[in-house]
There are 2 protein chains.
Amino acid sequence: MGCKIEAFQQEQRKRMRSVQDSMDALNGKWKISIISSICCYGKRRFSDILNDVEGISNRMLSKELKELEINQLVKRTVLNTQPITVQYELTEHGNTLQTIISNLSNWGILHRKKIVGK
Amino acid sequence: MGCKIEAFQQEQRKRMRSVQDSMDALNGKWKISIISSICCYGKRRFSDILNDVEGISNRMLSKELKELEINQLVKRTVLNTQPITVQYELTEHGNTLQTIISNLSNWGILHRKKIVGK
DNA sequence: CTGAATCCAGATGGATACTG
DNA sequence: CAGTATCCATCTGGATTCAG
């Protein structure tokens, strides 16, 4: 009977859907880097992140942060400073990404060695 | 002295660059899903993957597979069948992505519960 | 079956200037 | 400082057709 095979395939489809769900939340050129920046410092201001993430424009940073906020990954706080500054931090949910970030960082080093390095 | 701070910042920059390296290799709408498909079955033909990855077109699949091949993540083998079939499998290097895939799958489930679920 | 080629709409993202 | 608005080139990706 194909019961086991079907169960396996269903499991596999579920896994693929989950992976896709993750990627949908983390897509875009910069999101992971932005999260990585905020994560490392705990709290981070707009201009700090703009500085951390090499190459990003304020237009993009603004947009990506907004999407991350919608996905409840970062929390935005306006501070009573003059001029106004805005602080971003990871939500509890956003913090659950730490393992992934860490893995991506490690794998990135490995990959660079493999492809670029001799 | 700012030695510790500078060391930390340099460490942080390195981490961000690594994460970005990973994302560069894994960007595109479908790559992770494709890898996930091949990974689970060990070997997988073009049409199988086309079927596994919901919504992808053959044009995109072809393109993404080519990029994955360039990055030495998948290996392509033409089989002597009639008509010709092509088999894809992960390289050793591609297999090092398993941890990330697994984590992304788990996080995807978590995220879906958090955002979509009540 | 496995692609490559073409066409084309819509998304992405940089540069720049502007606002509160 | 933290965005927003506008303009515009490039990229993305679907649909369809064709080829080996």
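Below, chains carry the letters A, B, ... as their sequence lines are ordered, and counting in each starts from 1. In what follows, every heavy atom counts, from backbone to side chain, and hydrogens, waters and symmetry copies are set aside.
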Is any side-chain N or O of [X] closer than 4.0 Å to OP1 or OP2 of [N]?
X: B:Ser62; N: C:dA4; result: yes
X: A:Arg45; N: D:dG3; result: no
X: A:Tyr88; N: D:dG3; result: yes

Would you mind reading off the distance between [X] atom [atom1] and [N] atom [atom2], rounded to a whole angstrom?
X: A:Leu79; N: D:dA2; atom1: CG; atom2: P; result: 9 Å
X: B:Leu68; N: C:dG3; atom1: CG; atom2: P; result: 13 Å
X: B:Glu67; N: D:dT12; atom1: CD; atom2: C1'; result: 11 Å
X: A:Phe46; N: D:dA2; atom1: CZ; atom2: C1'; result: 6 Å
X: A:Leu61; N: D:dT4; atom1: CG; atom2: P; result: 11 Å
X: A:Asn80; N: D:dA2; atom1: CG; atom2: P; result: 14 Å
X: B:Glu69; N: C:dA4; atom1: CD; atom2: P; result: 10 Å
X: B:Asp48; N: C:dC1; atom1: CG; atom2: C1'; result: 11 Å

Residues B:Lys31 and B:Glu67 bridged, charged N to O under 4.0 Å: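 B:Glu67 and B:Lys31: salt-bridged.
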Ring-ring centroid check A:Tyr41 B:Phe8, cutoff 6.0 Å: yes
Contact letters for nucleotides 10-20 of chain C, in which S counts primed atoms plus P, OP1 and OP2 and B counts the base, heavy atoms under 4.0 Å: ---BBB-----
Exam field: side chain B:Ser37 to backbone B:Asp52, donor-acceptor pair closer than 3.5 Å: no
Shortest side-chain distance from A:Ser47, nucleotide among C:dC1, D:dC1, D:dG3: D:dC1
Nearest-neighbour nucleotide for the B:Lys66 side chain, C:dA4, D:dG3, C:dT2 considered: C:dA4
Listed partners of A:Glu54 passing salt bridge (Lys or Arg N to Asp or Glu O under 4.0 Å), at least two apart: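 Per chain and number, A:Glu54 pairs via salt bridge (Lys or Arg N to Asp or Glu O under 4.0 Å) with B:Arg13.
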Test item: A:Tyr88 and A:Lys75 side chains (from C-beta on) under 4.5 Å apart, heavy atoms: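 No, too far: nothing below the 4.5 Å cut-off.
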Derivation of the side chain to side chain donor-acceptor pair (under 3.5 Å) call for B:Gln98 and B:Asn95: CA-CA 6 Å; B:Gln98 283 201 24; B:Asn95 265 310; 3.0 Å; yes
Donor + acceptor pair across side chains of B:Gln20, A:Ser33 (<3.5 Å): yes
